[in-house]
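What follows is a set of notes on a single structure, which appears directly below.
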2 protein chains.
Amino acid sequence: MGLSYVEENYLKAILKLSGAPEGLVSTNAIAARLSTTAASVTDMLKKLSEKDLIHYTRYKGAALTPEGQRIATGLVRKHRLWEVFLVESLGMTWDEVHDIAEQLEHIQSDRLIESLDAFLGHPKFDPHGDPIPNAEGKYSVRAQVPLSSLTEGQEGTVIGVREDETAFLRHLNEKGLTPGRTVRVLTKDTYDNTLRLLTDGRELNLSGKAAKNIMIKIS
Amino acid sequence: MGLSYVEENYLKAILKLSGAPEGLVSTNAIAARLSTTAASVTDMLKKLSEKDLIHYTRYKGAALTPEGQRIATGLVRKHRLWEVFLVESLGMTWDEVHDIAEQLEHIQSDRLIESLDAFLGHPKFDPHGDPIPNAEGKYSVRAQVPLSSLTEGQEGTVIGVREDETAFLRHLNEKGLTPGRTVRVLTKDTYDNTLRLLTDGRELNLSGKAAKNIMIKIS
DNA sequence: AATAAAATTTAGATTAGTCTAAATATCGAT
DNA sequence: ATCGATATTTAGACTAATCTAAATTTTATT
């Protein structure tokens with residue numbers, strides 16, 4: 001029934017690689033991503049194909065079936081939710097959470113992941129600003145970026161915030177950073193990423209941390 | 001360097017089994033606990049012995065070395081901390097957390113587990129009332145049970161509470177349930193485990209949930 | 001269209017963990 | 001102290017995942 005840790009990693013690799021070039025994913029690309037050999041990949045592709053998780057044709061490449069996609073997307077969901085937990089709840093830093101989430105994403109329990117999601121307030125983005133698929137595997141595909149990723153001079157519209165934590169929302173309300181508002185980045189501190197913003201004719205400062213939680217549609 | 005999932009499970013099994021009868025743990029006992037065969041256990045005992053994690057003599061049995069004990073105790077620590085998280089933070093129930101913690105205990109990251117410990121407020125006991133070893137592997141070995149496990153008519157002394165959450169401590173203070181106090185269970189609701197207690201000559205009610213966090217030395 | 005280079009697959013071996021069945025050791029009872 | 005029952009180990013085989021080296025297919029170039 002359940003897949004092995006290794007099989008799951010292959011599915012996730014294929015999902016990641018099928019993003020950019022569109023079409024079939026090559027054996028070598030998977031081998032490079034998983035730091036393994038092409039021969040090992042070929043073996044596994046046969047196996048996953050046998051289980052109807054990928055479409056595979058010899059010498060051509062592989063693509064996820066709907067079922068393979070569902071599983072791979074579920075892994076991404078778990079990975080990103082755990083990253084949110086590690087950063088927001090446990091106070092760990094960006095750079096140290098990936099490897100841990102890489103392990104946590106293989107924990108098997110639907111109840112767990114839905115409880116975690118609720119505990120975190122159903123976040124839509126992980127600490128890196130990447131979208132978190134919902135339980136049905138749908139991404140928030142709105143074209144948006146965290147305010148923290150804008151550079152000096154860029155302008156955009158506030159779409160929403162990453163979480164529904166009351167204190168944070170109140171804070172933004174006071175600053176006037178509400179959905180629909182247009183903001184322009186005046187300066188960005190190179191050391192701590194503090195932003196000087198212009199919105200509604202007024203200037204204000206915003207910490208880099210807060211800026212990561214505000215999603216912007218670039219205009 | 002790191003041990004495999006399987007090796008870790010063997011060490012934990014040996015730790016658990018060396019509790020009761022004192023002395024060497026038998027091959028069959030381990031096989032029964034891990035739902036495997038005696039032959040498989042023998043193979044693994046040789047391997048763990050090779051790695052100096054257990055002392056093993058053919059036909060006699062096995063016992064953990066100090067290093068094996070350190071690792072096994074670390075697993076117990078992780079298991080119980082995760083159980084606290086699942087119950088207290090995620091609101092999962094008792095019965096569903098064990099299997100999940102069984103997976104989570106194998107996640108490798110010291111930083112993670114220490115952050116989790118801090119996040120939970122350095123709990124000393126898991127939701128079942130079992131003691132959580134600290135980072136150095138020392139248990140709280142006081143002979144104590146959660147107040148929730150007492151039956152009608154039993155009496156004991158409050159030793160302490162499971163967590164250092166301010167609101168909870170204040171609540172107990174108001175009720176007079178402070179360390180050193182003697183309490184007697186008058187009645188225990190069979191449906192929700194609410195307790196009617198007698199302490200310091202006064203009667204009071206306490207929720208089953210709160211009672212699980214109060215540790216008692218039975219007199 | 002032929003051929004060299006690159007990509008991919010196959011063949012065969014290896015390791016970790018497991019199993020069954022057979023062999024051996026220990027223990028308890030008479 | 002021997003014998004039978006029980007516990008344990010050994011022998012040999014299996015699966016999942018991996019590897020290297022050799023064989024094959026695709027591709028890109030002339």
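Straight-line distance from the CG atom of Asp43(B) to the P atom of dA16(C): 12 Å, rounded to whole Å. Leu24(B) has its CG atom 14 Å from the C1' atom of dA7(D), to the nearest Å. Regarding Lys46(B), its NZ atom lies at a distance of 14 Å from the C1' atom of dT18(C), rounded to whole Å. As rounded to whole Å, 10 Å separates atom P of dT8(C) from atom CG of Leu45(A). Across the protein-nucleic acid pair, Met44(A) atom CE and dC19(D) atom P stand 11 Å apart, rounded to whole Å. Look at CG on Asn28(A): it is 14 Å from C1' on dT27(D), rounded to the nearest Å. The distance between atom CG of Leu48(B) and atom P of dA16(C), rounded to the nearest whole Å, is 13 Å. Atom P of nucleotide dT15(C) and atom CD of Glu50(B) are separated by 15 Å, given to the nearest angstrom.
With respect to Glu155(B) and Arg184(B), a salt bridge is recorded, a charged nitrogen being found less than 4.0 Å from a carboxylate O. Ionic pairing of Glu114(A) and Arg77(A) is present here: one or more N-O contacts between side-chain nitrogen and carboxylate oxygen are shorter than 4.0 angstrom.
Which of dT9(D), dC19(C), dT8(D) sits closest to the side chain of Thr37(B) comes down to dC19(C). Side chain of Ser40(A), nearest nucleotide from dT10(C), dT10(D), dT18(D): dT18(D). Taking only side-chain atoms of Tyr56(A), from C-beta outward, the nucleotide of dT10(D), dC19(D), dT9(C) with the closest atom is dT9(C). Distance from the side chain of Ala39(B) is smallest to dC19(C) among dC27(C), dA11(C), dC19(C). Ranking dT10(D), dT8(C), dC19(D) by closeness to the Thr42(A) side chain, first place goes to dT8(C).
Ring geometry for Phe85(B) versus Phe85(A): interplanar angle of 30 to 60°, hence tilted.
Taking 4.0 angstrom as the limit, Thr36(A) places none of its side-chain polar atoms (N or O) nearer than this to OP1 or OP2 of dT18(D). Remark: Arg58(B) is not in phosphate contact with dA7(D), judged by side-chain N or O atoms under 4.0 Å from OP1 or OP2. Between dA7(D) and Thr27(B), no contact under 4.0 Å exists linking OP1 or OP2 to a side-chain N or O. Look at Tyr59(A) and you won't find any side-chain N or O under 4.0 angstrom from OP1 or OP2 of dA23(D). A sub-4.0 Å separation between OP1 or OP2 of dT25(D) and a side-chain N or O of Lys60(A) is absent.
Within 4.0 Å of Tyr10(A), counting heavy atoms only, lie sugar-phosphate atoms of the nucleic acid but no base atom.
No side-chain N or O of Ser26(A) forms a donor-acceptor pair with one of Asn28(A) less than 3.5 Å apart. For His106(B) and Asn9(B), the side-chain atoms include at least one donor-acceptor pair closer than 3.5 Å.
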